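Input: a single structure, listed below in structure tokens.
Both backbone and side-chain heavy atoms feed into the values below; hydrogens, waters and symmetry mates do not. First the proteins, then the strands, lettered A, B, ... as listed; each starts at 1. Quick caveat: nothing in here was measured; it's all calculated off a predicted structure.
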Amino acid sequence: MALATTTRAGREGRRRRRDDTRLALAFILPATIGLVMFYFWPLLRGIYLSFTSWDLLSPVEFIGGDNYVRMVSDPVFWNAVRVTIQYVVINIGVQTVVALLLAVLMQRLSQSTLMRGLVLTPYLVSNVVAALVFLWILDFQLGIGNQLLEWIGLDRIGFFTTEAWAIPTIALVNVWRHMGYTALLIFAGLQTIPPTMYEAGRIDGASETRMFFGITLPLLRPILGLVLIVSVIGSFQVFDTVAVTTSGGPVDASRVLQVYIYDKAFAQFDFGYASALSVALLIILMVVTFLQYRITRAGQTDLS
Amino acid sequence: MNRTHSRRRGLAPRVARTSAALAAAALVAAGCSGPAEGDGGGTAIDYWLWDANQLPAYQRCAEAFEEQNPDLQVRISQYGWDDYWSKLTAGFVAGAGPDVFTDHLTRYPEFAQRDLLVDLSTLEATADTDPGGFQAGLTDLWTGQDDGLYGMPKDFDTIALFYDRNLVEEAGLSPEDLDGLDWNPEDGGSFEEVIAHLSVDEAGVRGDEEGFDAGNVAVYGMASNGSGGTDGQTQWSWLAASTGWNYTNADVWGTEYHFDDPRVQDSLAWLFGLVDKGFMAPFEEVGTAPNPQQALGSGRAALSANGSWMLGTYANLEGIDLGIASLPSGPVGHPVSMYNGLGDSISAQSPDPEEAARWVAFLGSDDCQRLVGEAGVVFPARPAGTEAAIEAFADRGLDVSPFTDLVDNGYTVFFPVTDNYGEISALVTPIMDEIYIGSRDVGTLTEVNEQVNSILGGG
């Protein structure tokens, strides 16, 4: 429609170049309102609140850096950092390897769309549902997982109820849910590698393994780097699976940062301190992302 | 939803509006209708509660109330326990909360401290509330540090032992054998003997017989209800209290906790020591969401200490013949139970506090509490209501005297009503879990007690 008006306006339009800034702004506006209202404003307000003591129901009181001083000497906070990192390492480590394997299999072995679709199905299940299902499967007493263990002659394991198992179990549940999605992202990256590379490799007599390490992996680096950055950020923010299965327990074994923040804010109404914890998480994420970006050189490609 | 009083002091109007909008969105998302003006004209009173089992009874109360007060309408909303408190908090922030709501002793001190509740003695309809009209002591629980009344007692609860008669008779015991047991933290008394006898390992050997395998237990003598956190209401409060111990230095509004007392430490050591003996499930098996009624219903455990509010749930268990026994008597010479009760509070944000007070007065009247009692779910706070409940339970074949005798005899301790309960609970709960797991010695509670007291004192 806009096009029709331009042609009819003809020469005059060309002389006084039609300014479509307003139209562009109008299109951007809805998204901007959302972004400002639900991202920037809460972000700024959160940073501001981290310097206050606010319990939601009484007036905001500015207390300077007290929350941060308290945080540095808070053993539960440091435990939360440790537990979160433990989670991220297991979650991302296993997930990336499995997803890469899946993606390469999808690329090199099976072209079936059905298979590709099936790999993605766990991702269609909501986090809470996935967590609930595994909570039942791995229940100490009634879970089919533990019955199987007993059946093959092993001891039952308190997957969600022992301190040693809680984080690895939760990390692996989330691997199960996310690996298909990550595999799909990596798969998309694989599609950008020209098939001629593999042809050349085959002519030179390279094995599949050799081609994987010599061609696939180096050329996939930028994509893999971005996938890692995105999934690590998501991984640091783990909350729902923990909330559903262990709510931070046993003791503090799975009290990851987000769960601790939630407890402080919504169970104890200590919004000031919870905001300070959130800012700490933001800083951790910024540092980790920056390092990842530099190390993986995700901005550059070797494909040229 | 956007009532004018939504703008609370200290909040920028913009935030207030945003939160109100968010709260409204959340309510809509949750599938509940936001307050609309009453259909028949007159003033509408929003009333919230969390227990779905009690909803029908309160619906009947509301109908009776509306009949007597044609100018008022009561709109009842029920939300599950977890959602209830977040919705209530959001409601307070947005100024869109209920006029009247069911309140809990762990929560009301913090609300009262922030001036979010109306002192019932300042409102006409509830000004002359007579403490003598309720079961002894209940109004004390709802009296704030400034002597204001912040909740109208609605019901009370105590603890007793649930068991399956069939299982007990199989063990060669009779229900009478479970009455009049004694307990002490050193050797567990005759109570521990019964628990041992009721425990059975996979090979069929009983806990008090030679060769009992504590690592392979089929039936635990005692059902686990978790570590109990700060109050151990159904888990250890009755053990510790029967040694003469009390949570704090006062019945209500204590200023010092007593976790450094050897009596509570020994009681905890005895209870969680049952795990090693094979008489109670380890933490590993129950986790952070224990389900003692399921353990009893499936024959996994023989005795389950639980609160009177669970009567209906236990009575509905299939395949068992439910019996109720009194708690064992402790070193003080008789059983002692925690005595806890719910109340109805009026929000300071209510636009019609006087009308709300009329509803609260009715909720605290014999008329309403008898209706609630007849439903046979909880014990209402007024003696007439309690009587109605006892009858209703008797009609279902349940003798609930083990619960009510405790109150009649005054063998109770109050739920610890103190400031900063949320923060104290966040500190103590993981520690109690550690004690249950077995990775922490009860003696360390002495240091923990200092931390608790500094939270209590420091605010």
(request) Give a yes or no on whether the backbone of Glu284(B) and the side-chain of Thr161(A) come within a donor-acceptor separation of less than 3.5 Å. (result) yes

(request) For Trp151(A), look at atom CH2 and say whether over 12 heavy atoms of other residues, nucleotides or ligands are found less than 6.0 Å away. (result) no

(request) Compare every heavy atom of Pro430(B) with every heavy atom of Val251(A), then report the nearest pair and how far apart it is. (result) CG1-O, 3.6 Å

(message) Quick check: do Glu434(B) and Asp252(A) have side-chain heavy atoms less than 4.5 Å from each other?
(response) no

(request) Kindly check if the number of other-residue, nucleotide or ligand heavy atoms within 6.0 Å of OH (Tyr68(A)) is above 12? (result) yes

(request) Scan residues 140-155 of chain A for pairs that pass salt bridge (Lys or Arg N to Asp or Glu O under 4.0 Å), counting only residues two or more places apart or in two chains. (result) Glu150(A)-Arg156(A)

(message) Report which part of Phe159(A) has an atom under 4.5 Å of a heavy atom belonging to chain B: side chain, backbone, both, or neither.
(response) neither

(request) Report, as yes or no, whether the 6.0 Å neighbourhood of atom CZ on Phe239(A) holds more than 12 heavy atoms from other residues, nucleotides or ligands. (result) yes

(request) Measure Phe111(B) against the heavy atoms of chain A and call it side chain, backbone, both or neither at under 4.5 Å. (result) side chain

(request) Might you work through the side-chain contact (heavy atoms from CB on, under 4.5 Å) test for Gln141(A) and Ser298(B), ending with a clear yes or no? (result) CA-CA 11 Å; Gln141(A) 194 58 36; Ser298(B) 62; over 6 Å; no

(request) Could you look at Leu142(A) and say if it's the side chain, the backbone, both or neither that has a heavy atom under 4.5 Å from chain B? (result) side chain

(request) Please examine the side chains of Phe269(A) and Thr89(B), heavy atoms only from C-beta on, and report whether any two atoms are closer than 4.5 Å. (result) yes

(message) Tell me if the CD1 atom of Ile144(A) is crowded by more than 12 foreign heavy atoms within 6.0 Å.
(response) no

(request) State, yes or no, whether a side-chain contact exists between Gln268(A) and Asn420(B) at a heavy-atom distance under 4.5 Å. (result) no

(message) What part of Glu163(A) gets within 4.5 angstrom of chain B, counting heavy atoms only: side chain, backbone, both, or neither?
(response) side chain

(request) Flag yes if more than 12 heavy atoms outside Trp165(A) fall under 6.0 Å of its CH2 atom; otherwise flag no. (result) no

(request) Under 4.5 Å heavy-atom distance to chain A, tell me which part of Arg440(B) shows up: side chain, backbone, both or neither. (result) neither

(request) Measure the spacing between CG of Asp55(A) and CZ of Arg114(B) and express it to the nearest 0.5 Å. (result) 3.5 Å

